[in-house]
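Written out below as structure tokens is the structure these notes cover.
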Amino acid sequence: MKILVATEKPFAPVAVKGIKEVVEAAGHELVLVEKGTKADMIAAIGDAAGLIVRSDKVDKEVFDAAKQLKVVVRAGAGYDNIDLAEATAHGVCVMNTPGQNANAVAELVLGMMVTLLRNRYNGTSGTELLGKTLGIHAFGAVGRNVARIARGFGMKVSAFDPWVKDEAMQAEGVEPIHNLEDLYRNNQYVSLHIPATPETKKSVNKHLIDLMPKGAVLINAARKEVIDEESLAEALEARADFRYIADVKPDNAAELEEKYADRVFFTPKKMGAQTAEANINAGLAAANQVVAHLKDGFNRFQVNK
Ligand code: 3PG
């Protein structure tokens, strides 16, 4: 059968090699569409039984064009790019590969923090993370890795996540916070790790941002949709002490960079999961899951019903 890997942001070559080996060892054919558009994906999907993507949009148009498709695996965590209702309507199983790229995203979070706090290494004095407070908004795989690395820097780490037991946080040296407002009120640094869902869209709003203490730094390596961009612009304008770091830059990034150059940091392209290790972990997991689904209906990480 044909398995299509369609990624606008290509996997590292070593990961592609591994994916190809897994696919071919199972007797399937790999078709690679890298740096392509949705039209390129649609042109290649007609006879594919499996599809592997990253943040690439998989919507009704794609599902309508896919005549043989049985499984889509999002090589990564967030699946807000995939229309799950359309997948279900077309009888397609959608899975993600939870945790496989989490360390890469977490390392970038701390890296971006140091970059901004050291004034982009421009020769002026910056500040340190040792002894500072970090609040983690959602303690999933990425949040847990951020906590581990931040504790290595000597930060005091707390987290809000109604789905995670106190003991699980405490076992990792993280203080559980039961009220979201307290997370924002009591931490100089807050790092966002919530998925983009209808409930979380624009949920990091003026109310929460205004609660943050003096010298506040908000870090978003999750999705741009979760922050209310108007509130963000207002906070940067109203508070000379407020800083914002994002791996998923807002729509008004250029304007913010021009106005508040020393208080914002944005990666030019989403880079969190862009390491050889994360590509190998997520890419191979995706390939194995596609192959297993085509063999015997494996659906352990299915996200649509
Ligand atoms: C994820 O949800 O796994 C991350 O945001 C990484 O996304 P990417 O594969 O598009 O880099």
Side-chain angles (χ1 to χ4, degrees), residues 4-16 18-19 32-38 40-41 50-59 62 72-84 87 94-112 136-146 149 161 191-201 204 219-227 245-250 253 265-290 300-304:
L4 175 64
V5 173
T7 52
E8 184 272 325
K9 193 169 54 190
F11 288 118
V14 62
V16 174
I19 294 169
L32 191 61
V33 175
E34 288 183 325
K35 299 186 188 170
T37 60
K38 194 171 94 178
D40 296 324
M41 190 196 290
L51 171 66
I52 295 173
V53 292
R54 297 185 59 174
S55 292
D56 311 274
K57 221 175 181 48
V58 186
D59 58 12
V62 176
V72 176
V73 178
R74 190 289 192 234
Y79 43 86
D80 47 302
N81 51 315
I82 301 175
D83 189 329
L84 298 185
V94 179
M95 291 184 268
N96 65 349
T97 65
Q100 299 289 351
N101 57 22
N103 180 66
V105 179
E107 286 192 14
L108 185 76
V109 166
L110 274 294
M112 292 191 299
I136 298 182
H137 187 165
F139 202 63
V142 181
R144 283 205 309 279
N145 277 280
V146 169
I149 301 168
D161 194 325
S191 190
L192 307 177
H193 300 292
I194 46 178
T197 66
E199 292 75 39
T200 63
K201 278 186 186 164
V204 181
I219 304 119
N220 184 2
R223 291 289 182 273
K224 80 180 179 67
E225 291 81 2
V226 303
I227 191 152
I245 295 171
D247 184 34
V248 283
K249 58 182 175 181
F265 177 81
F266 306 131
T267 51
K269 200 175 183 92
K270 186 161 72 143
M271 291 297 293
Q274 204 57 327
T275 65
E277 292 88 340
N279 288 175
I280 292 168
N281 293 344
L284 289 192
N288 282 313
Q289 288 172 216
V290 166
R300 173 153 173 227
F301 300 108
Q302 184 163 0
V303 292
N304 64 326

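No experiment lies behind these values; they were computed from the predicted model shown. Remember, it's 1-based here, ligands and their atoms both numbered in the order they're listed.
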[atom]: which protein heavy atom is closest, and how many Å away?
atom: atom 3 (O) of ligand 1; result: Ala77 N, 2.7 Å
atom: atom 10 (O) of ligand 1; result: Ser55 OG, 2.4 Å
atom: atom 1 (C) of ligand 1; result: Arg74 NH2, 3.3 Å
atom: atom 4 (C) of ligand 1; result: Lys270 NZ, 3.7 Å

Which of the atoms in ligand 1, numbered in the order shown and given with their element, are less than 4.0 Å from a heavy-atom of [X]?
X: Asn101; result: 1 (C), 3 (O), 6 (C)
X: Gly76; result: 3 (O)
X: Gly78; result: 1 (C), 2 (O), 3 (O)

Using a 4.0 Å heavy-atom cut-off, which part of Val105 comes near ligand 1: side chain, backbone, both, or neither?
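Neither; no heavy atom under 4.0 Å.
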Does any N or O atom in Ala222 lie less than 3.5 angstrom from one in ligand 1, N or O only?
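Checking ligand 1 against Ala222, no N or O pair falls under 3.5 Å apart.
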N/O to N/O below 3.5 Å, does that happen between Ala273 and ligand 1?
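There is no such contact.
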Nearest non-hydrogen partners of [X] and [Y], listed with the distance:
X: Ile19; Y: Gly283; answer: CG1-O, 3.5 Å
X: Asn101; Y: Ala278; answer: CB-CB, 3.7 Å
X: Ala15; Y: Leu284; answer: O-CD2, 4.4 Å

Using the rule given for side-chain contact (heavy atoms from CB on, under 4.5 Å), can you reason through Val5 versus Val16, listing the C-alpha separation, both sets of side-chain angles and the distance that settles it, and then say yes or no?
CA-CA 9 Å; Val5 173; Val16 174; over 6 Å; no
Do other residues, nucleotides or ligands put more than 12 heavy atoms under 6.0 Å from the CZ atom of Phe139?
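For Phe139, atom CZ is crowded (more than 12 foreign heavy atoms under 6.0 Å).
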For Asn281 and Glu277, which I'm curious about, is there any donor-acceptor pair between the side chains at under 3.5 Å?
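Short answer, no.
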[X] near ligand 1 by a heavy-atom separation under 4.0 Å:
X: Gln100; result: no
X: Lys9; result: yes
X: Arg223; result: yes

Closer than 3.5 angstrom, by distance alone: can the side chain of Asp40 be matched with the main-chain N or O of Thr37 as a donor-acceptor pair?
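Present.
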Return the set of residues passing side chain to side chain contact (heavy atoms under 4.5 Å, CB included) with Ala141 (not counting sequence neighbours), or none when no residue passes.
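Checked Ala141 against side chain to side chain contact (heavy atoms under 4.5 Å, CB included); matches are Ala102.
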Which of these passes side chain to side chain donor-acceptor pair (under 3.5 Å) with Ser55: Glu8, Lys9, Arg74?
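Of the listed options, the one satisfying the test is Arg74.
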